[in-house]
Amino acid sequence: MTVISSNLGYPRLGEKREWKKTLEHYWAGKIDEPEFHAETKALRLANLKKEQAAGLDLIPVADNSDYDHVLDTIAAFGIVPERYGRFHKRLTLDEYYAIARGTKDAVASEMTKWFNINYHYIVPEYDQPHFELLDNRWLRFYKEAKTELGIDGKPVILGPISLLKLGKRNGDYLDAAAVDELLPQLLPLYKQVFTELAQAGVKWVQVDEPTLVKVATDAEVKPYEAALNALRQAAPSINIELQTYFDSIDPYKAATKLPVQAIGLDFVHDNGENLQHVLNDGFPSDKVLAAGIIDGHNIWTSNFADKLALIKRLQGVVDNDHLWLQPANSLLHVPITTKNETKIDPVLLGGLAFADEKLHELTVLTKAANEGQQAVSEEFTKNAAALKALNESEHRNNAEVRAAEANLANETFERHSAFPTRIALQHKKLQLPLLPTTSIGSFPQSKLVRSKRAAWRKGNITDAEYEDFIKSEIKRWIGIQEDLGLDVLVHGEFERTDMVEYFGQKLTGFYATQNGWVQSYGSRGVRPPVIFGDVAYTKPITVKESVYAQSLTDKPVKGMLTAPLTIINWSFVRDDISKAQVQKQISLALRQEVINLEKAGIKIIQVDEPALREGLPLKKRNWKPYLDEAVYSFKITTTGVRDDTQIHTHMCYSDFEDIIDTISALDADVISIETSRSHGEIISSFEKTHYDKEIGLGVYDIHSPRVPSVEEIQANIERALRVIDVHQFWINPDCGLKTRQEPETLAALKNMIAARDNVRASLAEPTK
Ligand code: GLN
Ligand code: ZN
């Protein structure tokens with residue numbers, strides 16, 4: 001009777017991003033559908049072989065995807081929005097990709113964040129719900145793994161309740177009543193899938209119900225129970241592993257009574273709560289505890305001694321043949337292997353574990369759980385030494401940083417005067433017209449910009465040549481902005497590939513991976529920076545570009561920084577100290593940059609916090625500490641300046657009402673918020689809440705190449721002015737323009753200025 005190891009899902013991208021290339025080659029017409037299937041199959045089998053070679057006892061299958069696992073489920077169950085057509089057999093690749101990417105006649109389905117991490121899924125649409133089993137993909141992939149590799153896999157399926165709750169009807173996420181209404185139509189399809197899996201001899205199915213971690217009461221567990229009962233009846237021979245992740249389960253007792261054979265709990269991202277539940281309330285002796293003990297969305301080597309201690313506590317509650325060891329969530333969200341980090345400091349390398357290294361950790365820990373630590377003592381010794389070397393290295397022991405951090409408790413971070421005093425001084429100094437007009441910061445990163453950067457990185461052009469090129473772009477765009485008639489200009493961010501990576505390159509404590517790609521959405525990969533050491537400010541980051549831009553114009557140029565929380569949320573953050581502590585270090589560093597910008601004559605400084613909302617904890621009861629921390633770090637960053645220096649901030653897609661107190665508490669003089677995608681909800685929220693500072697609600701959507709008309713933009717401005725005082729209002733697009741092409745950007749900005757001029761003119765006319 002032994003503890004076994006199991007996995008929840010493996011990254012899709014491929015070590016050399018083969019998957020991305022295959023998708024993009026297909027989209028570009030370079031390969032046809034049979035070639036696509038041959039290439040994706042080869043990669044799928046290669047991934048499975050790696051899991052097999054790692055010595056995993058239970059290997060997930062059907063966790064692969066041609067784009068996104070929610071889209072796969074939508075396609076399999078025929079939940080295809082009517083605008084793409086009505087389908088009665090398995091979708092072709094083009095039909096499948098139409099949903100994700102749109103066609104010339106039908107817009108793509110919405111994409112949104114997967115819980116609180118940086119992966120995006122396709123949102124199911126239940127407007128005119130249609131359900132029909134078009135493809136039992138779980139059976140296909142189970143059979144493939146079995147015949148090709150002899151793997152008796154564990155099909156992974158997104159559970160019916162989560163599939164419903166993650167979807168929208170008429171623009172809103174389904175509520176409990178809508179879930180109850182639609183479940184009876186969806187369940188027969190799941191039952192059919194299970195019946196067929198049972199006939200094929202499947203022993204275990206992993207049913208992912210991650211929405212269970214957002215449920216607060218026993219009553220809310222009921223729909224999960226109804227669904228699981230139905231599945232069990234349809235296929236009594238199948239064992240169900242009910243899988244949760246990303247947080248703890250509040251109605252723990254009700255959840256552990258659900259009619260399944262195994263329950264997967266996250267013991268990494270649960271604030272210790274799942275462990276408390278298990279220790280206090282026990283665990284049913286007839287079920288398997290599938291214990292998520294390895295971090296599946298961070299990249300640090302596990303501390304074996306700590307993990308074994310956790311395992312032992314669990315072994316005190318469940319017996320060995322009822323214990324599985326797993327990652328806490330699918331490994332989809334970490335890079336594949338550290339072996340391609342060839343230029344890295346070995347001390348840091350010893351502290352890193354990507355997907356393949358995590359699978360190895362699992363098998364080591366499983367052996368330790370079964371045979372005792374002595375059976376893997378060499379591994380344990382190596383592990384302890386690697387972690388000790390990293391923790392004791394100079395990277396993690398910067399005395400100056402630690403001293404500044406310790407001193408924080410003795411300081412308060414407030415602007416000198418309250419907002420009314422400050423804004424009067426700023427108005428006097430800046431002399432901006434009514435309805436000041438600006439952009440969010442970046443302008444198109446053209447082919448030329450990208451090719452120059454690539455040439456510079458390869459050493460084909462010198463530092464000086466590259467710098468001259470950046471300067472010429474800044475100069476060209478200062479001219480463009482003056483000609484257009486913008487009031488507050490920006491330098492355009494041409495020197496940045498990415499708003500987090502760029503800061504990571506200029507601060508200490510960051511490592512940029514060579515191959516640490518993770519899927520963000522579809523074929524798109526990102527390489528989050530790794531914050532592995534103490535963060536210190538050693539040299540100015542943005543001052544040179546801002547000062548150069550300001551030297552070219554009499555209009556104010558806005559300095560442009562990324563705020564601490566966004567840097568944290570879009571990076572892999574060290575876990576030997578708290579996130580809050582890392583956030584303080586970054587804030588202290590950026591504070592110096594803000595002060596240096598002011599010293600260099602920059603009158604307006606924008607500190608972007610686009611990731612504030614998306615990083616909110618899943619449970620509302622955990623919001624307050626997170627938001628308090630965000631406010632604190634924003635204030636450390638921004639309060640070192642004089643009253644007449646104007647601080648801006650920008651946020652993407654903020655559900656304003658939820659967090660208005662936080663937004664106000666940031667005490668930024670001006671905030672710009674993305675508005676279009678909320679369909680006016682943000683604007684109407686101002687009817688209910690009063691916001692006292694200056695604000696720019698994005699007047700057009702930058703996420704598509706479409707150029708909005710003057711009338712349309714004017715209507716957006718007028719709509720906002722019905723609820724916000726004209727003296728408080730700024731005019732700007734929704735977000736940065738770096739992903740847009742230049743012609744459409746110029747056309748859209750021109751229309752924005754024309755709309756503003758119309759509104760200004762109408763305000764000047766005496767009202768009758
Ligand atoms: N200043 C950044 C830009 O314009 C802001 C980007 C963002 O909000 N994501 O690109
Ligand atoms: Zn934005």
Side-chain angles (χ1 to χ4, degrees), residues 111-113 118 120 437-446 449-450 453 470 473-474 477 480-481 486 488-504 520-521 524 526 528-529 541-542 545-546 549 557-571 590 593-594 597 602 604-615 630 634 637-638 647-656 659 663 666 668 670-678 682 695-704 730-742 745 748-749 752:
M111 181 173 79
T112 197
K113 274 182 68 83
N118 205 5
H120 302 76
T437 309
T438 190
S439 71
I440 302 304
S442 59
F443 286 125
Q445 295 252 331
S446 62
V449 172
R450 281 177 284 139
R453 186 179 303 123
I470 296 290
E473 273 302 281
I474 293 177
W477 273 93
I480 292 173
Q481 294 174 81
L486 287 152
V488 172
L489 314 191
V490 294
H491 75 281
E493 301 181 26
F494 303 107
E495 76 289 358
R496 304 178 195 178
T497 28
D498 175 279
M499 60 189 294
V500 172
E501 181 190 54
Y502 186 74
F503 286 77
S520 166
Y521 66 88
R524 173 80 169 249
V526 291
I541 304 170
T542 65
E545 288 79 11
S546 299
V557 170
K558 197 160 53 158
M560 201 61 60
L561 306 179
T562 307
L565 190 67
T566 293
I567 294 183
I568 294 255
N569 281 346
W570 291 351
S571 300
L590 293 178
E593 176 75 1
V594 170
L597 281 167
I602 302 301
I604 304 180
I605 301 163
Q606 178 171 312
V607 183
D608 289 326
E609 197 65 291
L612 182 113
R613 181 104 190 27
E614 65 177 45
F634 189 86
T637 306
T638 55
I647 297 289
H648 288 217
T649 188
H650 165 74
M651 286 179 201
C652 301
Y653 198 44
S654 297
D655 269 330
F656 197 83
I659 55 169
I663 291 177
L666 296 175
V670 183
I671 179 170
S672 59
I673 299 189
E674 184 186 320
T675 307
S676 324
R677 283 192 286 185
S678 88
I682 288 183
I695 183 160
L697 298 176
V699 298
Y700 80 87
D701 182 13
I702 57 89
H703 297 91
S704 98
W730 284 64
I731 291 182
N732 49 257
D734 255 347
C735 193
L737 296 161
K738 66 172 167 243
T739 55
R740 296 269 63 86
Q741 304 284 322
E742 185 161 325
T745 301
L749 288 174
M752 182 179 88

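As a basis for the values below, the full set of heavy atoms in this structure was taken, side chains included, without hydrogen atoms, waters or symmetry mates. Atoms within a ligand are numbered from 1 in the order they appear, just like the ligands themselves.
Within the 3.5 Å criterion, the main-chain N or O of I541 finds a donor-acceptor partner in the side chain of E593. A distance-only check finds no donor-acceptor pair linking the side chain of D608 to the backbone of T562 [under 3.5 Å]. A donor-acceptor pair under 3.5 Å links the side-chain atoms of H650 to the main chain of S672, judged by distance alone. Side-chain N or O atoms of S442 include none that pairs as donor or acceptor with a backbone N or O of G492 at under 3.5 Å. No donor-acceptor distance shorter than 3.5 angstrom exists from the side chain of Q741 to the backbone of P444, with no hydrogens or angles considered. Within the 3.5 Å criterion, the main-chain N or O of V488 finds a donor-acceptor partner in the side chain of T438.
Residue I440 has at least one N or O atom closer than 3.5 Å to an N or O atom of ligand 1. Backbone and side-chain nitrogen or oxygen atoms of S442 are examined, and one is located within less than 3.5 angstrom of a nitrogen or oxygen of ligand 1.
Looking only at protein heavy atoms, the nearest one to atom 1 (N) of ligand 1 is D608 OD2, 2.6 Å. Nearest non-hydrogen protein atom to atom 7 (C) of ligand 1 is C735 SG, 3.6 Å. Here the protein heavy atom with the shortest distance to atom 6 (C) of ligand 1 is M499 SD, 3.5 Å.
Taking CE of M499 as the reference point, atom CD1 of I567 lies at 8.5 Å (rounded to 0.5 Å).
An angle of 120° is found at the Zn ion (ligand 2) between C735 atom SG and H650 atom NE2, rounded to 10°.
Distances from atom 8 (O) of ligand 1 to the heavy atoms of H650, Q445, E674, E493 show the closest one on H650.
Near G736, with a cut-off below 4.0 Å to any heavy atom, the atoms of ligand 1 are 3 (C), 4 (O), 10 (O). Using a 4.0 Å cut-off to heavy atoms of K738, the atoms of ligand 1 that qualify are 10 (O). Listed by atom number, the atoms of ligand 1 under 4.0 Å from C652 heavy atoms are 7 (C), 8 (O), 9 (N). Applying the 4.0 Å criterion to heavy atoms of G441 picks out, from ligand 1, the atoms 4 (O).
Between Q445 and the choices E493, R496, R453, the side-chain hydrogen bond (donor to acceptor under 3.5 Å, both in side chains) rule is met once, by R453.
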